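Within every chain, numbering begins at 1; the chains are lettered A, B, ... in the order of the sequence lines, protein sequences first and strands thereafter. Hydrogens, waters and symmetry mates are skipped; everything else that's a heavy atom, side chains included, is used. Keep in mind that this is a model prediction, so the values were computed, not measured.
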Amino acid sequence: MDINFSEQEIKFSEEVRDFVSQHLPGDVSRKVLEHKRLDKDDVQRWHVALYQKGWIAPNWPDRFGGCGWNSVYQHIFDVESAALGAPRLSPFGLGMIGPVLVAYGTETQQSTYLPKILSGENWWCQGYSEPGSGSDLASLNTRAERKGSSYIVNGQKTWTTHAQWADMIFCLVRTSSGARKQEGISLLLCDMNTPGIEVRPIVTLDGEHEVNEVWFQDVEVPAENLVGEEGKGWSIAKFLLSHERTAIAGVGVSRRELVYLKHLATVHKFHGKPAKEDPVFMDRIAELEIDLLALEMTVLRVASGEASGGEPGPEASILKIRGTEIQQRLTELQLEVVGQSALPHLPMAWGDSWMGETPGAIHAAPLAARYLNHRKTSIYGGTNEIQRNIIAQRVLGL
Amino acid sequence: MDINFSEQEIKFSEEVRDFVSQHLPGDVSRKVLEHKRLDKDDVQRWHVALYQKGWIAPNWPDRFGGCGWNSVYQHIFDVESAALGAPRLSPFGLGMIGPVLVAYGTETQQSTYLPKILSGENWWCQGYSEPGSGSDLASLNTRAERKGSSYIVNGQKTWTTHAQWADMIFCLVRTSSGARKQEGISLLLCDMNTPGIEVRPIVTLDGEHEVNEVWFQDVEVPAENLVGEEGKGWSIAKFLLSHERTAIAGVGVSRRELVYLKHLATVHKFHGKPAKEDPVFMDRIAELEIDLLALEMTVLRVASGEASGGEPGPEASILKIRGTEIQQRLTELQLEVVGQSALPHLPMAWGDSWMGETPGAIHAAPLAARYLNHRKTSIYGGTNEIQRNIIAQRVLGL
Amino acid sequence: MRFVFTDEQSMFKDGLDRLLEKTFSIETRRKMIESKEAHSEQVWAGLAELGALGVPLSEESGGLGGAGIEAMIIMQHLGKHLVLEPYISSVILAGGLVDLCGSEFQKKVLIPELVAGEGKLAFAHAEQLNDEGGTELETTATQEGNKWILKGQKKLVLGGATADRFIVSAKTREDGEKVGVTLFIVESLDDRIGGKAYPLIDGSRVLDIQLNGVEVGPESVLGTIDQAQPFIDCVNDRATAVICAEALGVMEVIHEMTMDYLRTRKQFGSALSQFQVLQHRAVDMFINIEEVRSLVIHAAGKAWSENSHERTRAVSAAKALTNRAGRLVAQEAIQLHGGMGMTQELPLADFVRRLLSIELLFGSERFQRRRFMSSDEQVVDRSVFVSPKKRWKQI
Amino acid sequence: MRFVFTDEQSMFKDGLDRLLEKTFSIETRRKMIESKEAHSEQVWAGLAELGALGVPLSEESGGLGGAGIEAMIIMQHLGKHLVLEPYISSVILAGGLVDLCGSEFQKKVLIPELVAGEGKLAFAHAEQLNDEGGTELETTATQEGNKWILKGQKKLVLGGATADRFIVSAKTREDGEKVGVTLFIVESLDDRIGGKAYPLIDGSRVLDIQLNGVEVGPESVLGTIDQAQPFIDCVNDRATAVICAEALGVMEVIHEMTMDYLRTRKQFGSALSQFQVLQHRAVDMFINIEEVRSLVIHAAGKAWSENSHERTRAVSAAKALTNRAGRLVAQEAIQLHGGMGMTQELPLADFVRRLLSIELLFGSERFQRRRFMSSDEQVVDRSVFVSPKKRWKQI
């Protein structure tokens with residue numbers, strides 16, 4: 001056991017820094033660091049830069065175009081690139097359906113979809129939740145009926161992040177009504193341009209459009225787009241969800257936001273002195289920073305076990321819970337330090353083209369919206385209550 | 001609505017202060033203020049002083065010898081006497097079985113027991129919990145069989161506070177095995193000197209002896225000692241438990257301990273300066289003090305509703321939860337301010353006769369034990385989890 | 001001490017409820033926010049008719065002689081209905097200053113108009129949004145002949161967008177540590193005022209104003225020259241107390257919405273309300289709200305008090321707790337609503353956003369706890385309860 | 001970076017487990033506490049035989065050249081079995097000082113004895129129990145000829161009751177702000193030492209000593225005169241790191257006991273483990289313990305580092321978290337055990353009391369967070385991760 005970085009690891013981190021500094025577009029980095037709104041093209045430009053470098057799929061096997069990094073390298077990349085303002089790539093292709101296709105896809109599916117995920121040609125979105133099936137995902141009702149060489153899909157998905165940007169959707173659908181509700185669920189891949197699919201925006205608490213409803217009316221999906229066996233989609237879904245949880249810890253971004261928080265504490269004042277001289281506030285930052293350090297070490301521990309042993313266990317639920325709690329606390333403390341400056345509601349001020357003045361500090365403008373937006377983190381990807389149920393049952397055996 | 005004290009109320013508070021200053025024995029007051037061990041006689045002397053003044057039973061009706069104080073007067077008495085170091089009186093007679101006998105007792109029971117409770121001639125203890133019945137009190141197994149003009153009691157009670165001091169015990173016993181476990185429970189009064197009763201001490205976490213097991217082997221209890229109807233003991237038990245919860249808020253004592261905490265913060269230092277100059281520590285004290293103020297106002301609100309409307313509702317569960325949480329936090333902060341000084345384990349130092357030195361400050365000696373002891377408060381009188389269940393079901397209707 | 005509303009107070013509550021149910025709804029609110037005024041003249045007129053606009057002002061000034069408890073009742077109801085009216089700015093802050101400092105003549109001109117709903121006031125005071133607890137005032141008033149010239153800028157003027165007149169605070173003396181602050185009445189139509197209106201995160205409209213050498217006469221001075229600070233502190237405390245009452249009303253509705261959702265929404269074959277973890281979370285929301293209620297009553301009862309330490313202590317306690325509880329209630333409500341709690345579509349969103357505004361206005365939890373603690377020393381011995389400090393001294 | 005134990009480390013763990021299971025139990029412990037020595041020579045000898053007493057000392061000094069990770073393994077096991085042995089005092093603190101500062105001769109005399117389990121050391125340093133973070137040392141050493149005279153008193157000397165020799169810290173210079181501290185080796189049998197032994201709340205025995213003009217020769221000076229402070233800080237950091245490992249072991253057992261209780265105890269017709277609220281509480285205990293494990297590993301990996309900022313930062317983080325988590329774990333364990341959790345009879349009581357001792361030793365949560373924050377500035381830019389500070393500066 002050795003918790004210090006090796007020389008190779010230090011060298012790699014320098015390599016990452018150099019690459020990011022040179023290839024991350026300056027306007028994208030600035031938007032990320034200042035919490036401005038990103039559009040698809042912003043993310044895409046970074047995606048392509050990484051693709052060209054061969055750094056696009058850290059956790060895919062070599063033969064499918066992955067980098068073959070171990071978990072420490074992945075972590076270094078995460079932290080270093082986030083620190084310099086790299087945007088989060090869309091996770092649905094690279095982090096979710098990609099690994100699923102690697103594990104369960106047919107050769108045709110692999111050769112059709114994986115290269116386009118890597119290149120960024122295809123963006124994906126996720127068709128999991130439904131209005132009646134949130135935490136109880138297995139109770140989903142979207143039906144796919146086999147008709148000749150196609151499935152006909154009817155139903156409604158919701159909370160579909162960036163469906164408005166996606167070329168493809170992977171969907172959990174019900175292909176038969178088994179005795180247990182987990183049975184009869186299948187995973188289908190579906191082109192977003194297929195007739196009968198309609199995307200309706202959902203505006204969230206913060207006034208922004210990020211998630212959508214996706215409606216399916218007699219949507220015809222070729223049968224070869226079924227992943228794995230018909231009716232066995234549930235175990236694939238679980239495989240995918242546990243992958244999602246590891247990434248969701250978000251250590252790199254949280255480290256960046258912590259540095260930003262400390263920066264804000266030098267700019268904003270309490271009682272006439274910089275907030276960083278307020279011991280009560282700094283005690284709270286210290287507590288958060290220590291929790292983040294613990295999370296980071298836990299990520300590395302879990303990830304290294306993963307590398308040696310296979311898929312991440314239910315321990316990954318810890319990362320989901322604590323990772324999202326920390327992300328939320330960061331938004332709270334950032335809001336606290338700017339205080340009243342965050343009151344004005346000026347959504348135009350966090351667009352990129354805004355050149356006007358704001359009543360408070362300009363960087364304060366997006367912080368209330370950011371706080372509200374981040375309430376989602378303890379809900380999505382399996383609520384934190386569901387994660388606790390998972391740990392209770394599968395780790396503690398209660 | 002008027003939240004200011006009236007002139008009469010201010011006058012009454014002065015009257016209480018004068019009386020306590022003159023009649024509370026100095027050695028008792030000192031023991032209480034310094035967290036030393038109290039023996040029965042210490043409490044008894046104060047009991048008698050209050051009895052002689054006619055201030056012994058604030059919430060009993062006049063005709064049974066109560067003071068007839070409204071809830072504000074009761075609160076003033078509670079706070080003023082606690083501040084000056086008055087010990088808590090034994091609640092089992094005055095606060096529990098007394099009101100039960102007033103409401104449910106026969107005339108003979110009332111005339112036999114109530115005067116002796118008032119005078120302090122009889123001390124009571126409570127036979128509720130059993131080894132197998134904690135939170136699920138109604139599952140109790142101690143059996144009482146009717147045999148002629150007596151009940152024969154067999155079984156075991158536990159967590160019986162001050163059974164070693166008690167002359168009488170009131171017991172929940174099973175007199176028949178009904179369909180619902182709440183049915184067939186009866187309330188019996190029993191002389192602690194009856195043959196077949198054995199008291200076995202339970203030493204608690206803090207190394208002290210406060211609670212006991214009480215064993216019953218063929219204990220003969222006269223049938224006239226049944227309170228209310230046979231088999232209807234459960235509703236009496238609930239009546240009694242909700243009374244217990246109002247008193248359990250303990251605002252007077254917590255106010256005293258808060259003042260003590262602030263005093264400790266002037267005596268003990270952090271980084272070479274009095275702890276009261278440490279903003280982080282003081283922020284925590286402020287939070288606690290504000291919570292205590294909220295509790296105090298809630299007690300007054302609930303109690304005044306009670307005075308106008310009858311028995312305290314399930315809202316009293318709030319007082320139990322928050323009251324005990326605050327008591328526990330006070331012991332934690334007291335422990336924090338003395339720090340390492342609380343490490344030496346010197347139980348003799350919190351007896352009254354101790355004249356020796358202690359490695360840390362002498363007043364620090366009991367604080368670790370006190371912290372450990374107070375863990376009980378969120379367990380006894382219905383755990384705080386049970387209280388939350390009560391609120392969920394009976395107040396929120398979930 | 002009494003914790004029961006008087007008959008008069010109860011009738012007043014009922015009147016408010018009827019008015020607001022009839023004239024206001026979440027749909028009205030959403031339309032209003034998009035409108036130019038961003039509030040409802042109909043509701044304001046209704047409040048005037050009920051007497052609500054004069055309730056917490058003294059009878060000598062032309063008010064109804066009520067105090068904190070009455071103001072609390074009003075604000076709690078405005079909170080429940082999420083009304084946008086500038087009650088705090090016009091009645092509590094600016095109206096309170098006229099009531100406390102105004103000359104007979106100034107009161108006669110301003111109060112009846114205010115009470116009748118015909119003239120709105122606003123208090124233009126804040127300048128530094130980036131320094132909580134910073135007290136520096138940069139707006140100056142300099143005397144030239146018998147005129148005063150005001151220069152500076154004021155930010156986040158609540159109710160500013162619809163006010164007919166501003167009470168403006170300005171520095172009129174500065175000797176080392178000591179700063180003299182004076183209040184001036186300024187007509188909002190004065191063309192030397194540059195105003196910029198914008199919405200807060202809850203949709204309510206505020207104003208930034210620029211005073212480019214605004215000239216006012218001696219009759220515009222409100223109260224004694226250099227002596228305004230204690231009165232500013234006083235109305236700020238009152239406003240803080242009653243905004244906590246508003247928060248209480250908001251939280252009550254949020255809690256109710258959440259209980260309804262828990263009872264209705266099913267997962268895993270049961271209503272969410274059957275899951276013990278969610279039950280206990282709902283209970284913690286409830287307990288927090290009850291605690292806020294206790295301290296709101298306490299603060300309302302002390303906010304009109306002449307003892308400034310007692311007032312500060314009660315108000316800071318209430319705001320610190322309201323902020324903590326408000327955050328918990330909002331966060332739990334969203335969490336218990338799951339994905340639905342994240343949508344702008346549910347009225348929950350409007351209530352959550354208002355609660356967040358209230359949290360950010362009138363002092364953070366940390367700020368208020370510090371203020372509470374520093375008012376503590378002075379107030380302990382005045383309370384009805386004598387502390388046993390002397391005894392501890394012997395230890 | 002590697003998170004897997006080496007084969008050697010795994011074998012060592014197994015050896016420790018076998019030793020402690022064979023020679024120690026909660027009953028043994030309870031008997032020991034009442035005994036004069038308050039620890040077990042058999043266990044100590046067993047640890048010596050396993051090499052545990054020399055593991056974290058450098059090979060040059062006669063140790064086995066291990067470091068924090070090995071010390072962590074040992075202390076975590078001592079925690080799991082609630083062993084009373086003076087490992088921290090003798091090996092980590094005093095042994096560490098000899099290792100870091102001793103002359104060849106001093107090492108040759110002291111280390112082999114220590115490693116063989118034949119001579120115990122203790123570090124007598126603390127004086128002010130009533131001032132956490134206060135650094136004033138009142139014990140003085142004054143030179144007379146080639147002798148040193150030690151005067152003062154030392155409190156709460158861990159392992160002091162059974163030590164054969166003390167390392168005593170004393171002030172040897174004081175010029176205004178600057179204080180020179182020197183270490184001295186003192187025989188415990190010296191009759192000019194007045195010692196008073198007493199138990200801590202967990203039953204372990206400590207010693208207060210009184211140095212009434214104890215005379216020692218120049219060969220007793222450990223390290224350079226006036227220059228001991230950095231080495232004291234170093235071994236204190238190491239001790240803090242490994243006592244967190246002990247706490248981890250203690251918490252693991254507490255959690256296991258609690259899970260067993262939840263599975264066994266029935267109320268309302270179900271095992272307690274079926275109640276969702278209790279399940280989630282158990283999960284929070286578990287998460288806290290896993291976080292402690294992460295920071296214990298981190299601190300152990302840095303505690304032997306030469307970069308004192310990095311060391312302090314890692315150690316303070318671990319202790320702050322350990323204290324917070326330890327309190328949560330103990331409190332929840334008691335609460336989930338209900339009344340039974342309040343009894344002295346259950347072994348849980350012994351574990352809870354030890355955890356409380358650990359919390360009170362080596363710095364509170366508040367103290368450690370402050371220390372963490374002040375070490376922060378220095379360390380950020382040395383880390384492998386470059387902070388994006390410069391970018392923010394442009395905002």
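- For chain A, the nearby part of C/V352 is the side chain; its heavy atoms alone come within less than 4.5 Å.
- Both the backbone and the side chain of A/E336 come within contact range of chain C, judged by heavy atoms closer than 4.5 Å.
- Between chain C and the residues A/L335, A/T158, A/I202, the largest count of heavy-atom pairs under 4.5 Å involves A/L335.
- Looking at A/P131, only its backbone comes within 4.5 Å of chain C, counting heavy atoms on both sides.
- For chain A, no part of C/L348 is nearby; none of its heavy atoms comes within less than 4.5 Å.
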Would C/R327 and C/E365 satisfy salt bridge (charged side-chain N to carboxylate O under 4.0 Å, His left out), going step by step from the backbone distance to the final call?
CA-CA 10 Å; C/R327 196 168 271 207; C/E365 186 186 349; over 6 Å; no

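- A salt bridge (Lys or Arg N to Asp or Glu O under 4.0 Å) with C/E127 is found for one member of C/K155, C/K154, C/K171 and no other, namely C/K154.
- When all heavy atoms of A/Q164 and A/E210 are compared, the closest pair comes out as OE1-O, 3.8 Å.
- With hydrogens and angles left out, the side-chain atoms of A/E332 and C/Q331 include a donor and acceptor closer than 3.5 Å.
- In terms of non-hydrogen atom pairs under 4.5 Å with chain A, the most contact-rich of C/G133, C/G203, C/S364 is C/G133.
- The contact between A/V338 and chain C is made entirely by backbone atoms, counting heavy-atom distances below 4.5 Å.
- Heavy atoms of A/S133 lying under 4.5 Å from chain C belong exclusively to its backbone.
- Heavy-atom distances place both the backbone and the side chain of A/F281 under 4.5 Å from chain C.
- Ranking A/H271, A/Q340, A/H345 against chain C, the residue ahead of the rest is A/H271, based on heavy-atom pairs under 4.5 Å.
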